[in-house]
A.B. asks: 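My questions will all concern the structure given below.
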Amino acid sequence: MRILIIEDEESAVDQLKNLIRQLVDQPVFEGTIDNIEDAVDFLSSGASLDLIFLDIHLSDGLSFEIFKEVHVDVPVIFTTAYDEYAIWAFDVNSIGYLLKPIRKEKLEKVLEKLRRIESRHQFVPDEAILKKITDMVVREGRYKRNFLVPHKDRLIPVSVEEIAWFEIKNGVVAGMKWDNKRLVMEEKSLEELTEVLDPAQFYRANRQFLISRKSIREIEYYFNSRLFLRLLPAPDEKVLISKARASHFKDWMNRQ
């Protein structure tokens with residue numbers, strides 16, 4: 001099998017080659033390319049290939065740009081560090097993908113899928129699907145990753161990942177960290193936070209709470225068809241999802 005790896009992280013290339021050698025009989029690696037321009041030049045040369053491993057983020061942009069410049073009729077397996085919610089559309093178009101760090105059993109599964117496909121064109125990325133995924137990836141880069149939280153006469157940097165949930169009480173917006181420390185935020189409303197946080201990771205439960213997916217430990221059916229969320233850390237008040245939003249919330253939870 002003649003394989004081309006398009007990846008800009010040397011350690012990722014080494015790991016991938018090692019796994020491939022364990023699963024593919026006598027693979028032939030046609031070099032490694034780390035940018036879009038060189039990838040387009042190589043693929044335009046008409047080189048004979050059986051499979052391409054392609055990282056989504058390359059040194060000079062998103063690898064989807066390659067398909068705008070050159071026709072690729074070789075099976076493509078994407079590699080990415082993004083969570084599955086951002087790349088759900090790959091499965092819709094039968095495009096193989098692997099989440100980093102790549103695990104041997106996942107690679108084996110994708111290779112088996114490749115062997116079952118009789119004609120190569122079934123694996124060629126669809127332009128509409130690629131555009132949709134590109135939009136998702138670009139949009140994700142715009143979400144807020146850090147806050148500067150006022151504390152006395154200082155500003156303390158806090159990562160979004162450190163916060164389990166936000167609440168508004170008596171007109172004050174606060175974030176609760178995993179260690180149960182409460183932070184008073186500069187934002188004046190939960191609406192402001194909802195606009196800048198990743199909607200796949202934070203959900204506006206009600207008027208008072210904006211919660212991280214990771215903080216949800218249990219969901220109970222509650223009076224009048226509402227849902228009661230048990231969070232960690234536990235807030236002082238019950239976090240309830242209304243009957244009207246219960247279905248939407250369950251759909252959101254099922255996306256990953």
Side-chain angles (χ1 to χ4, degrees), residues 80-95 97 99 106 109 128-147 149 158-256:
T80 176
Y82 281 86
D83 289 338
E84 291 182 76
Y85 80 87
I87 51 174
W88 61 269
F90 280 137
D91 277 339
V92 176
N93 201 48
S94 296
I95 300 173
Y97 69 88
L99 294 175
K106 294 293 185 180
K109 184 177 180 181
I129 294 295
L130 288 178
K131 184 180 185 306
K132 192 166 188 176
I133 301 170
T134 302
D135 291 343
M136 287 180 179
V137 173
V138 171
R139 187 167 63 246
E140 179 176 331
R142 297 173 184 165
Y143 296 134
K144 198 171 184 67
R145 298 297 182 193
N146 298 281
F147 292 98
V149 178
V158 177
S159 167
V160 170
E161 295 295 323
E162 296 180 60
I163 300 178
W165 44 263
F166 299 91
E167 70 170 339
I168 184 166
K169 184 183 292 186
N170 299 323
V172 177
V173 175
M176 183 63 71
K177 295 178 65 178
W178 299 105
D179 59 6
N180 226 23
K181 290 183 179 178
R182 186 173 183 270
L183 305 172
V184 176
M185 312 297 294
E186 287 190 318
E187 286 76 10
K188 302 302 181 183
S189 70
L190 290 186
E191 284 75 16
E192 285 185 57
L193 288 170
T194 303
E195 287 295 320
V196 298
L197 292 173
D198 186 347
Q201 299 302 321
F202 284 87
Y203 188 86
R204 183 69 182 273
N206 50 43
R207 292 181 180 180
Q208 188 177 349
F209 286 93
L210 176 63
I211 60 175
S212 165
R213 179 188 293 272
K214 297 176 182 178
S215 71
I216 302 170
R217 290 296 174 265
E218 209 170 57
I219 304 168
E220 295 182 10
Y221 288 105
Y222 198 70
F223 176 73
N224 199 24
S225 299
R226 291 177 291 176
L227 299 175
F228 170 37
L229 308 185
R230 292 193 180 277
L231 307 182
L232 189 68
D236 294 334
E237 301 180 32
K238 289 183 176 179
V239 179
L240 300 175
I241 304 290
S242 68
K243 176 182 178 181
R245 289 183 59 79
S247 178
H248 182 271
F249 172 75
K250 287 188 283 187
D251 286 343
W252 177 77
M253 285 295 295
N254 279 323
R255 284 179 195 168
Q256 283 197 11

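In this text, all values refer to a predicted model and were calculated from it rather than measured experimentally.
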A.B. asks: What do you reckon, is NZ of K106 surrounded by more than 12 foreign heavy atoms closer than 6.0 Å?
C.D. replies: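 Not more than 12 within 6.0 Å, no.
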A.B. asks: Can you confirm whether or not the ring centre of F209 sits under 6.0 Å from the ring centre of F166?
C.D. replies: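 Here the rings of F166 and F209 have centres that are no less than 6.0 Å from each other.
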A.B. asks: Is any side-chain N of the basic residue among K214 and E161 closer than 4.0 Å to the acidic one's carboxylate O?
C.D. replies: yes
A.B. asks: Is there a side-chain contact between L229 and F249 (heavy atoms, below 4.5 Å)?
C.D. replies: yes
A.B. asks: Ring of W252, cation from R245 - is the NZ or CZ under 6.0 Å from the centre and inside 45° of the axis?
C.D. replies: no
A.B. asks: Are the side chain of N206 and the backbone N or O of Q208 linked by a donor-acceptor pair below 3.5 Å?
C.D. replies: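 Yes; at least one donor-acceptor contact below 3.5 Å.
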A.B. asks: Which heavy-atom pair separates V173 from K188 by the least distance, and what is that distance?
C.D. replies: CG2-C, 3.6 Å
A.B. asks: Take L197 and L210 through the test side-chain contact (heavy atoms from CB on, under 4.5 Å) and record every step on the way to the result.
C.D. replies: CA-CA 10 Å; L197 292 173; L210 176 63; 3.7 Å; yes
A.B. asks: How close do S225 and A246 get, counting heavy atoms only, and between which atoms?
C.D. replies: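 Closest approach of S225 to A246: O-CB, 4.3 Å.
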A.B. asks: Take atom CZ of R217 as the centre, draw a 6.0 Å sphere, and report whether it contains more than 12 heavy atoms from other residues, nucleotides or ligands.
C.D. replies: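 Buried by this count: over 12 neighbours within 6.0 Å.
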A.B. asks: As a quick check of understanding, evaluate side-chain contact (heavy atoms from CB on, under 4.5 Å) for L227 and K250, giving each step before the final call.
C.D. replies: CA-CA 10 Å; L227 299 175; K250 287 188 283 187; 4.2 Å; yes
A.B. asks: If only atom types and distance count, is the side chain of W165 paired as donor or acceptor with the main-chain N or O of P235 below 3.5 Å?
C.D. replies: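 A pair under 3.5 Å: no.
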A.B. asks: L190 and R207: which non-hydrogen atoms are nearest, and at how many Å?
C.D. replies: CD1-O, 3.5 Å
A.B. asks: Check the pair S159 / N146 against side-chain contact (heavy atoms from CB on, under 4.5 Å), numbers first and verdict last.
C.D. replies: CA-CA 4 Å; S159 167; N146 298 281; 3.8 Å; yes
A.B. asks: Output the distance between atom OG1 (T194) and atom CZ (R204), rounded to the nearest 0.5 Å.
C.D. replies: 5.0 Å
A.B. asks: With rounding to the nearest 0.5 Å, note down the distance linking CE in M176 to CG in L231.
C.D. replies: 10.5 Å
A.B. asks: Do F147 and E187 come within less than 4.5 Å of each other through their side chains, counting heavy atoms only?
C.D. replies: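 Yes. Closest side-chain heavy atoms under 4.5 Å.
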A.B. asks: Calculate, to the nearest 0.5 Å, the distance between atoms CG and NZ belonging to D179 and K177 respectively.
C.D. replies: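 Result: 5.0 Å between the selected atoms.
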A.B. asks: When rounded to the nearest 0.5 angstrom, what distance separates CD in Q201 from CD1 in I211?
C.D. replies: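 If we round to the nearest 0.5 Å, Q201:CD and I211:CD1 are 12.0 Å apart.
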A.B. asks: Could you pull out the closest heavy-atom pair between E162 and W178, with the gap in Å?
C.D. replies: O-CD1, 3.1 Å
A.B. asks: For a 4.5 angstrom cut-off between non-hydrogen side-chain atoms, does K238 reach R230?
C.D. replies: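 In short, these two side chains do not touch, never coming nearer than 4.5 Å.
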A.B. asks: Write down the atom of V160, the atom of F202, and the distance for their closest heavy-atom approach.
C.D. replies: CG1-CE1, 3.4 Å
A.B. asks: Can you list the steps and then say if I241 with Y222 is a side-chain contact (heavy atoms from CB on, under 4.5 Å)?
C.D. replies: CA-CA 9 Å; I241 304 290; Y222 198 70; over 6 Å; no
A.B. asks: Ignoring hydrogens and angles, tell me if any N or O in the side chain of R213 forms a donor-acceptor pair with the backbone of I216 under 3.5 Å.
C.D. replies: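 Here the side-chain-to-backbone pair does not exist.
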A.B. asks: Look up atom OG in S242 and atom NE2 in H248, then write down how far apart they are to the nearest 0.5 Å.
C.D. replies: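 Result: 11.0 Å between the selected atoms.
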A.B. asks: Looking at OG of S212 and OH of Y203, how far apart are the two atoms once the value is rounded to the nearest 0.5 Å?
C.D. replies: 14.5 Å
